[in-house]
Amino acid sequence: MRLVMNEPVEGMDRPYARRWWALLVLCLSLLIIVMANTALTVAAPDMTQDLGLSSADLQWVIDGYTVPYAALMLLLGAIGDKYSRRGALILGLVVFGGGAIAGSLVDSSTGVIAARAVMGVGAALIMPATLSLLAATFPREERAKAITLWTATAGLAIAAGPLVAGALLEHHGWSSTFLINVPIAALAIVGALVLVPPSRAAHHHRIDHVGGLLSVVWIGSLVYMIIEGPHFGWGVKAVTAAVVAGAGLVAFVVWELRHPRPVVDVRRFAHRRFAGSNLAVALFFLAVFGAFYYLTQHLQFVLGYDALDTGVRMLPLAGAVFVGSALTGYLTPRIGMKITVTAGMVGGTAGLALLTRVDAASSYGDLVLPLTILGLAIGLALSPCTDAIMGAFPEAELGVGGAVNDTSLELGGSLGIAILGSVLASSYSSHLSDATAGSKLPAGALSTAQDSVGAGYAVAQGIGDKARQLGEQAARAGQAGNTEKAAQLKAQADQFAHGAQRMADAVGSSFSDAVAHTSLIGAVILGVGTVLVAFLLPRKGGAHPGEAPGAGGGGTAGTHRRGDALSAPRPPRNRDPRAAVS
């Protein structure tokens with residue numbers, strides 16, 4: 001047996017024998033790029049303290065990964081289709097691992113942001129390559145099952161990130177959350193060479209570089225605006241980014257409509273099934289990433305769990321994703337994609353609605369059911385949507401298809417954190433102002449506490465420290481025989497101790513109320529989106545773009561063929577394998 005797999009999948013006359021092992025490598029690659037974001041939410045407090053990060057620094061440490069990741073996927077997906085999908089995967093893993101090593105060695109906010117940006121470039125290579133290699137390697141009758149496992153891996157990574165980061169932070173510093181990616185990336189590189197067959201488009205014309213660059217401009221500007229505006233205010237930077245994003249999008253659409261071989265045919269979005277699937281993916285990750293953003297804070301700050309305990313308590317979501325994904329294989333062929341996806345979105349809306357009951361008295365037990373329902377909903381909705389999106393692209397554009405799916409995912413996640421994060425911050429600030437009314441808290445201290453829930457508890461701790469200092473002074477005065485001074489100091493210490501407890505209670509209740517309010521907004525957004533998606537998705541048997549009515553089957557294995565009116569059919573598997581060697 002050859003050590004390196006060199007036979008291209010397009011040249012095989014039968015399904016690749018080790019395709020399920022290849023899927024394991026693809027899922028491992030997906031796992032680390034999703035975990036890179038979710039793990040950082042747990043490592044952020046240690047990083048902030050060690051590097052002295054401001055709130056703006058920390059925001060860009062997190063989002064420095066997101067901007068290049070989202071902006072570059074379409075262009076890099078097209079490049080992978082033309083030259084080598086496996087090559088794109090391996091190059092992405094090398095870049096990602098190099099960025100992770102750099103991130104563990106730097107000692108400044110600028111260095112960490114730059115390292116995260118490099119990791120984002122690697123992720124932009126990896127993400128579309130995993131889906132395109134999956135679609136190229138698996139025959140149609142098995143593809144939906146493989147995509148189900150791919151989707152379940154993404155759900156697992158959402159919960160696994162905090163769990164792994166929490167375990168590492170028990171005995172190591174924040175840099176370990178970067179370094180853990182390196183051996184996994186190395187293992188994935190070896191696995192890709194040994195188990196993943198090379199693949200590229202059989203007939204791929206020149207890349208539409210202008211369209212690709214325009215996609216980088218408008219997506220990158222849009223993500224930058226989403227990050228900058230809600231968090232730092234709608235100043236010159238955010239407004240400029242919004243203008244560039246709007247102009248870039250218009251230019252991109254006009255160019256792609258006129259170009260004979262566009263990087264992505266925007267006419268596909270006129271087809272209800274394709275548009276509905278992308279909308280469902282974006283809305284789901286808007287809701288899930290937004291909820292994840294504030295639930296991890298609630299678990300750590302309000303309920304007092306450490307990093308590892310927080311990760312463990314997110315596991316019901318991951319387990320439920322697997323169950324929901326498994327159910328799609330049974331339900332979708334029987335009731336159709338439209339009902340399965342709509343049911344998942346209704347479930348997601350219900351899960352967010354349950355979180356509106358969160359208050360100061362809520363415990364972790366009150367979060368288990370909403371987390372489980374959210375996980376089931378993700379599994380039910382996302383696998384059929386991803387299969388439908390990939391099914392809309394011909395073999396020559398599988399990398400672009402994966403990039404479209406992943407861009408919808410990433411834009412939805414960015415919007416979720418921006419929109420729901422802004423609602424959370426505004427609601428928390430307002431509730432805290434009401435809760436501390438009449439407490440004689442200095443305006444500066446209140447302003448600091450309103451910045452975040454962590455800052456609020458820091459203010460309460462500062463008041464508590466003052467109470468302890470006064471208590472120690474009272475004890476020394478009593479030992480010196482100055483009973484009158486000791487009594488005065490003791491009274492002041494009691495007053496400060498009461499104020500500290502009141503402040504801590506106000507912060508906890510205000511953040512809990514903000515979680516409930518933000519969950520309501522999230523449920524409304526997802527609920528409205530559910531109606532739109534249900535309207536867009538065709539009934540069972542709806543066709544892909546370019547297919548005759550009735551040729552499709554709701555995005556499930558064995559129930560529809562791939563077709564596209566603007567593309568050539570899939571080349572025969574027994575053609576000359578040298579044409580596709582990467």
Side-chain angles (χ1 to χ4, degrees), residues 28-73 75-76 88-130 157-158 160-162 164-169 172-189 216 219-220 223-224 226-228 231-232 237 289 293 296 307 406 410 413-414 417:
L28 186 65
S29 304
L30 172 68
L31 186 73
I32 59 172
I33 62 174
V34 178
M35 282 176 54
N37 250 357
T38 58
L40 196 65
T41 60
V42 174
D46 283 6
M47 188 182 297
T48 300
Q49 183 175 5
D50 189 34
L51 299 179
L53 302 178
S54 67
S55 59
D57 290 337
L58 180 59
Q59 192 63 48
W60 280 111
V61 165
I62 295 171
D63 292 318
Y65 179 84
T66 303
V67 175
Y69 179 20
L72 292 170
M73 273 193 287
L75 178 59
L76 296 182
L89 174 66
I90 293 172
L91 177 60
L93 289 166
V94 170
V95 172
F96 186 88
I101 293 173
S104 70
L105 298 176
V106 296
D107 58 359
S108 67
S109 60
T110 302
V112 175
I113 293 169
R116 289 273 296 168
V118 171
M119 292 173 71
V121 174
L125 280 161
I126 295 168
M127 191 70 154
T130 61
I158 292 173
V164 172
L168 289 171
L169 291 170
H172 306 284
W174 59 264
S175 61
S176 63
T177 62
F178 281 82
L179 283 176
I180 190 61
N181 295 302
V182 178
I184 302 174
L187 180 62
I189 291 170
V216 173
I219 295 173
V223 174
Y224 182 88
I226 291 170
I227 295 166
E228 181 75 20
H231 289 104
F232 306 113
K237 292 181 180 179
F289 271 56
Y293 175 77
T296 51
D406 302 333
E410 195 61 29
S414 299
I417 294 174

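For reference, positions follow the sequence shown, starting with 1.
Legend: side chain to side chain donor-acceptor pair (under 3.5 Å) pairs involving residues 105-129, not counting sequence neighbours, sorted by first then second residue: Asn37-Arg116. Applying the side chain to side chain donor-acceptor pair (under 3.5 Å) rule to pairs touching residues 118-129 yields nothing, sequence neighbours excluded.
Scanning all heavy atoms of the two residues, the minimum distance from Gly97 to Val182 falls at O-CG2, 4.0 Å. Considering every non-hydrogen atom in both Met35 and Ala157, the closest pair reads CG-O, 3.6 Å. The minimum heavy-atom distance between Ala36 and Phe96, with the atom names listed, is CB-CZ, 3.8 Å. Closest heavy-atom contact between Ala88 and Leu125: O-CB, 3.6 Å. Heavy-atom minimum distance, Ala165 versus Ala39: CB-O, 3.6 Å. Contact record, Pro68 with Ala124: O-CB, 3.9 Å, taken as the closest heavy-atom pair.
To the nearest 0.5 Å, atoms OG (Ser104) and CD1 (Ile180) are separated by 12.0 Å. Between the CD1 atom of Ile33 and the CG atom of Leu28 there is a distance of 11.0 Å, given to the nearest 0.5 Å. Interatomic distance, Ile32 CD1 to Leu187 CG, rounded to the nearest 0.5 Å: 9.5 Å. Annotation: the span from Ile90 atom CD1 to Ile126 atom CD1 amounts to 11.0 Å, rounded to 0.5 Å. Rounded to the nearest 0.5 Å, atoms OG (Ser175) and CG (Leu169) are 9.5 Å apart. Note that CG of Asn181 and CG of Leu31 are 9.5 Å apart. Values are rounded to the nearest 0.5 Å.
Applying the side chain to side chain donor-acceptor pair (under 3.5 Å) test to Thr130 and every residue at least two apart in sequence or in another chain returns Trp150.
Contact annotation: the side chain of Leu40 approaches that of Met47 to within less than 4.5 Å [non-hydrogen atoms, C-beta and beyond]. Looking at heavy atoms from C-beta onward, Val118 lies in side-chain contact with Val95 at the 4.5 angstrom threshold.
The side chain to side chain contact (heavy atoms under 4.5 Å, CB included) test with Trp60 singles out one residue from Val112, Thr66, Val67, and that residue is Val67. Of the residues listed (Val223, Ile227, Ile113, Ile417), the one engaging Asp63 in a side chain to side chain contact (heavy atoms under 4.5 Å, CB included) is Ile227, and it is the only one.
Tyr69 contributes no side-chain N or O that, together with a main-chain N or O of Met119, makes up a donor-acceptor pair within less than 3.5 Å.
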